[in-house]
Number of protein chains: 2
Amino acid sequence: MSNITEIARRARVSRTTVSRVLNNHPYVKQDKREAVLKAMQDLNYVPNLNAVNLSRGKTNVIGVIVPTINHPFFSNLIEGIGRGCYKHHYRMLVHQSNYDPGHEIEFFNMLKYKLIDGLILGSSMLSGPVLDELSHYGSVVSCEASGSRLITKVLVNHESGIRMAVEHLRSKGHRRIGLCIGNPASGIGISRKKAFSALLEAYGLEWRDDWYYEGKYSIEDGSAVAASIAGQSLAPSAMVVGSDYVAAGLIKEAARQGIKVPEELAVIGFDNQPIAQVMDLTTIQQPIVQMGETAAAALHLMLTEAERPSDQTLELELIVRQST
Amino acid sequence: MSNITEIARRARVSRTTVSRVLNNHPYVKQDKREAVLKAMQDLNYVPNLNAVNLSRGKTNVIGVIVPTINHPFFSNLIEGIGRGCYKHHYRMLVHQSNYDPGHEIEFFNMLKYKLIDGLILGSSMLSGPVLDELSHYGSVVSCEASGSRLITKVLVNHESGIRMAVEHLRSKGHRRIGLCIGNPASGIGISRKKAFSALLEAYGLEWRDDWYYEGKYSIEDGSAVAASIAGQSLAPSAMVVGSDYVAAGLIKEAARQGIKVPEELAVIGFDNQPIAQVMDLTTIQQPIVQMGETAAAALHLMLTEAERPSDQTLELELIVRQST
DNA sequence: GGTTGCTGTGAAACGCGTTCCATACTTTAT
DNA sequence: ATAAAGTATGGAACGCGTTTCACAGCAACC
């Protein structure tokens, strides 16, 4: 495999000139430029990007940490980040953390190692101070609220989403409202739970521990929630569920248990996933793909302008269907 | 940021010795090793992996090409590849091609450029000969049948999947069976269509162009199919649908149109996605995550043993629910 | 005692493109 | 005509870890 030295020799110019041609530097005479291009053609030259990366000290690769890819929220997010990366000529390195802080820190090291130029956090288990510490190694954008004050955030307003959900249910006359979330230790989980309990308090509604479910991610989990609710003597009349999948499982199992939706139990989901559509599920639509694109664009800005863009909050939308 | 030269100076050894410590080479005396480790600690040393990559001529990065991430088939596949990569200490670079051959070739160049050690094709629009040509640049594993004879394949037996579906429907007495697939030009699409028409022929069933739909990916697409079927004077009594999402949309819209499932229209999907469960959809389960893991493992084998592992075919399973 | 074979260590070259600096030739401006 | 500014090109250093080769020290072997 040829390198610039060979090209230079063949084109009878210096390696510097070859490099200039490679980088479209203006100060190269037409004839030399052509000679170089011809030599590259002849020798079937391909630049070794590792050498370029080493030289330049950057890689044009953006890392992405998500707990799992195989979850509609994150696959949508990655889709968006992927688009943003493509638009700004980055490549995207995806890492699954399984919510394991060790895995996350390991990946953060790639920033130190200069193997990635920047990092996008889909969802993280790391605490604010730890993130602040780690963010010194490079540019980081987070897609969820986190304790960190240094990291730029691109997020949906979870508080507003929960508010939409609760107010919608309240307007339908519900007073016994329960909550079901995913990972309670993640940024999303924390925000949602906090917003929810604050709202209940504000509206004078009761928070009951047995109407609160956490660690629910899948359809099966949703079924389990429905089964649990079916067994309660005083059951909630409405559930705010952090994921359409879980909500779908809940509705399905509720039907099996003879609980009428929405008459006896109203259900509102999150994300407006395809499944929400076929299940006629009222849901809070989050612009996840757009969030990914925005995050990539923000990171690009940090990397090129070397400034920290302000946090961005994307707006949510309530989509009313038959489940409330 | 420190480098091995500084470490060497501080530990009063040569750079070679530092490198040996870094790579756990046995021929380093205990005291020197400790001195080096101490110096690393003191200077907060992190190796520059770009330099390592340049030196070694490899990157421990595996590239993955998928048309889109935001599709359950591919997000599952990526999940599996991600797991396999983690297990074998690779990192995973994901690229969305949108079924654009240009994008694909562009990404293939990364093999040439030595930016990735190997490549996994989720689904490709490139023809067999082109793939054979491109595969000379490095190790490639494909997750779908392709015209290429050089590329190692890890795939599900689409022929067998279609057979399961058709035989199941036949056993239920169906004689008017239609087919609905995604991208007809992709490996999956080609295999499925071919297998399907061959089976119809073998069983003496009729192929009708108006019972065949292609380019259907989403729930909305499925609804459109149902609407189309509803308008036919002679409609199929059963549909084999290449994706659970599309099948779900089909069922949903069929219900709206007053077509009874499964009595008037049986529907069988593919993948056993969560949505299949809540829609009570009979489906052909494909071990997609496992396929991703297997593909990563196969690539690892190629990269380390420098041999081409034989193609692997994973088995499918028919999951019967209420839609047939 | 001389050979063979490890163990341990370092100098120097290598992989390869980029970039700083010096130099020289043209233009343009005054 | 002369200084100033721009154009064009090359040499050498740089980024940084790995690897080859040479060599010294030391133990085992015949």
Side-chain angles (χ1 to χ4, degrees), chain A residues 1-40 43-61 109-117 137-138, chain B residues 1-40 43-61 109-117 137-138:
Chain A
M1 190 118 294
S2 54
N3 54 30
I4 49 166
T5 307
E6 281 182 52
I7 303 295
R9 193 177 317 150
R10 195 168 230 265
R12 300 178 184 288
V13 297
S14 69
R15 297 163 59 218
T16 311
T17 299
V18 177
S19 175
R20 278 196 262 264
V21 171
L22 236 25
N23 294 289
N24 288 312
H25 192 286
Y27 290 174
V28 180
K29 278 237 178 92
Q30 193 57 25
D31 56 336
K32 300 225 173 193
R33 166 163 276 129
E34 275 159 16
V36 169
L37 290 173
K38 170 134 197 330
M40 287 178 180
L43 296 178
N44 208 343
Y45 172 75
V46 245
N48 181 326
L49 288 193
N50 281 133
V52 178
N53 289 344
L54 172 59
S55 235
R56 292 215 240 256
K58 68 197 197 77
T59 57
N60 278 317
V61 173
N109 284 332
M110 299 191 57
L111 268 182
K112 288 200 229 178
Y113 298 160
K114 315 238 183 194
L115 270 186
I116 54 179
D117 291 351
Y137 296 124
Chain B
M1 191 117 296
S2 55
N3 56 30
I4 49 166
T5 307
E6 282 182 51
I7 303 296
R9 194 177 317 150
R10 195 167 227 268
R12 300 178 184 289
V13 298
S14 69
R15 297 163 58 220
T16 312
T17 299
V18 176
S19 174
R20 279 196 262 262
V21 171
L22 236 25
N23 294 289
N24 288 312
H25 193 286
Y27 290 173
V28 181
K29 278 236 179 95
Q30 192 58 24
D31 54 336
K32 301 227 174 193
R33 167 164 277 131
E34 275 160 16
V36 169
L37 291 173
K38 171 133 195 336
M40 288 178 179
L43 296 178
N44 208 344
Y45 172 76
V46 247
N48 181 325
L49 288 192
N50 281 131
V52 177
N53 289 343
L54 172 60
S55 237
R56 292 215 239 257
K58 68 197 197 76
T59 58
N60 277 316
V61 173
N109 284 331
M110 298 192 57
L111 267 182
K112 287 200 227 177
Y113 298 159
K114 315 237 184 197
L115 271 186
I116 54 179
D117 291 350
Y137 295 123

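Here is how names work: the chains are called A, B, and so on, in the same order as the sequence lines, proteins then strands, and each is numbered from 1.
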### Query
For the side chain to side chain contact (heavy atoms under 4.5 Å, CB included) test, which of A/Val21, A/Val36, A/Val28 pairs with A/Val13?
A/Val36
### Query
For B/Asn23 and D/dG17, is the shortest distance between a side-chain N/O and OP1 or OP2 below 4.0 Å?
no
### Message
Could you report the tightest heavy-atom contact between A/Arg33 and A/Pro26, atom names first, then the distance?
### Response
NH1-O, 4.5 Å
### Task
Locate the shortest heavy-atom distance separating B/Leu43 from B/Ser2; write the atom from each residue and the value.
O-OG, 3.4 Å
### Query
Just by distance, with hydrogens left out, do B/Ser19 and B/Thr16 show a side-chain donor and acceptor under 3.5 Å apart?
no
### Task
Return the value, rounded to whole Å, for the distance between atom CG of A/Asn48 and atom C1' of D/dC16.
14 Å
### Task
Apply the test side chain to side chain contact (heavy atoms under 4.5 Å, CB included) to residues A/Leu22 and A/Ile4: give CA-CA distance (whole Å), side-chain angles for both, the deciding distance (0.1 Å), then the verdict.
CA-CA 10 Å; A/Leu22 236 25; A/Ile4 49 166; 3.9 Å; yes
### Query
How is A/Asn53 classified with respect to the nucleic acid when contacts are heavy atoms under 4.0 Å: base, sugar-phosphate, or nothing?
nothing
### Summary
Side-chain contact check for B/Ile4: nearest option of D/dT18, C/dC16, C/dT18 is D/dT18
For nucleotides 5-10 of chain C, list the nitrogen or oxygen atoms of the protein found under 3.5 Å from its nitrogen or oxygen atoms, one pair per line.
{"from": "C/dT7", "atom 1": "OP2", "to": "B/Tyr27", "atom 2": "OH", "distance (Å)": "2.3"}
{"from": "C/dT9", "atom 1": "OP2", "to": "B/Lys29", "atom 2": "N", "distance (Å)": "2.7"}
{"from": "C/dG10", "atom 1": "OP2", "to": "B/Ser14", "atom 2": "N", "distance (Å)": "3.1"}
{"from": "C/dG10", "atom 1": "OP2", "to": "B/Ser14", "atom 2": "OG", "distance (Å)": "3.2"}
{"from": "C/dG10", "atom 1": "OP2", "to": "B/Thr17", "atom 2": "OG1", "distance (Å)": "2.6"}
{"from": "C/dG10", "atom 1": "N7", "to": "B/Arg20", "atom 2": "NH2", "distance (Å)": "2.8"}

### Between C/dG17 (C1') and A/Glu6 (CD): distance, integer Å
14 Å
### Query
Just by distance, do the side chain of B/Asn3 and the backbone of B/Glu6 share a donor-acceptor pair under 3.5 Å?
yes
### Message
Just N and O in the side chain of B/Asn50: are any of them under 4.0 Å from OP1 or OP2 of D/dC16?
### Response
no
## Note on the structure
Computed from five pairs at either end and rounded to 10 degrees, the angle between the axes of the helix from C/dG1-D/dC30 to C/dT30-D/dA1 is 30°
### Pairwise distance CG(B/Asn48) to CG(A/Asn53) - rounded to 0.5 angstrom
9.5 Å
### Query
Side chain of A/Asp117, backbone of A/Thr59: donor and acceptor closer than 3.5 Å?
yes
### Query
When you check the phosphate oxygens OP1 and OP2 of C/dT18, does a side-chain N or O of A/Ser19 lie under 4.0 Å from one of them?
yes
